[in-house]
Amino acid sequence: MKPHEFRCIQPGDIGFDAGVGISGQIIRLGTKSAYGHCCIYHELIERTADGTQVWKTVEAGPRGGVLWRLRTVPPIKVVRVWRDRFDQADILKKSAGLVGAKYGWGEIARIVARILGIKVRRWKDNPCAVICSNHVTQAALAGRPDLGLYLRYGSNEIWPGELAVTLDAFIWDTELA
């Protein structure tokens with residue numbers, strides 16, 4: 001993928017990729033999806049001489065929970081759910097407000113159980129412990145509460161692949177309305 005292919009990313013956009021490490025592999029395998037990770041883009045920091053973009057993002061990961069990160073790797077997919085600067089600001093505010101939340105190992109355990117064919121009864125959602133897609137869903141809902149009508153799972157029970165499919169349907173439906 002060439003860096004210029006994602007030059008239209010704007011703050012508040014959602015990026016999806018395969019993820020890294022064991023958690024990315026577990027999520028992709030357990031959910032049968034190409035996506036193991038997602039994040040919210042906040043600020044374009046720089047464009048290097050070769051065209052690489054350096055973005056300040058908020059991402060949830062096993063090392064440190066929800067953190068500010070610098071991202072240079074282009075995403076596989078980008079989705080924009082915000083319609084105007086107000087939606088955009090609400091998404092960015094909620095995303096930044098989740099910085100410091102712990103990583104949601106319980107959600108990873110639920111995905112592992114699913115891989116093993118074990119049905120796990122729902123347990124109480126913990127908005128203070130999230131995986132990447134939980135963070136992104138909460139932020140997206142802050143800017144677009146109507147997205148909630150499209151979610152099959154709660155914001156703390158959704159994985160990247162399911163979120164990507166849901167956002168595609170939401171965008172398709174709302175743009176045609």
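Given the structure is predicted, the values throughout are model-derived calculations rather than measurements.
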Would you say [X] and [Y] are hydrophobically clustered, going by side-chain heavy atoms of ILVMFWY under 4.5 Å?
X    : Y    : answer
L147 : L149 : yes
I91  : L151 : yes
L67  : L98  : no

What closest approach, in Å, do [X] and [Y] show between heavy atoms, and which atom pair accounts for it?
X    : Y    : value
S133 : W159 : OG-CA, 3.2 Å
Q10  : Y41  : O-CB, 4.1 Å
G143 : D90  : CA-CB, 3.8 Å
T57  : C39  : CG2-SG, 4.2 Å

Is any side-chain heavy atom of [Y] closer than 4.5 Å to one of [X]?
X    : Y    : result
T137 : N134 : no
P75  : I9   : yes
P160 : C132 : yes
E43  : P11  : no
L167 : Y150 : no
W68  : V58  : yes
I131 : Y103 : yes

Find the distance between [atom1] ([X]) and [atom2] ([Y]) and round it off to the nearest 0.5 Å.
X    : Y    : atom1 : atom2 : answer
R85  : L92  : CZ    : CG    : 13.5 Å
K56  : L44  : NZ    : CG    : 12.5 Å
L163 : Y153 : CG    : OH    : 13.0 Å
W55  : E46  : CH2   : CD    : 13.0 Å
H135 : I158 : NE2   : CD1   : 14.0 Å
F170 : E175 : CZ    : CD    : 9.5 Å

Is there a donor-acceptor pair under 3.5 Å between the side chain of [X] and the backbone N or O of [Y]?
X    : Y    : value
S95  : A139 : no
T166 : E162 : yes
D13  : I40  : no
R144 : V81  : yes

### Task
Begin from the C-alpha positions of I171 and R80 and carry the test side-chain contact (heavy atoms from CB on, under 4.5 Å) through to its verdict.
CA-CA 8 Å; I171 298 297; R80 180 174 298 151; over 6 Å; no
### Task
Might you work through the side-chain contact (heavy atoms from CB on, under 4.5 Å) test for D168 and K77, ending with a clear yes or no?
CA-CA 11 Å; D168 285 346; K77 173 187 188 84; 2.9 Å; yes
### With sequence neighbours excluded, residues passing side-chain hydrogen bond (donor to acceptor under 3.5 Å, both in side chains) with R69
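Listed in chain order: nothing, the list is empty.
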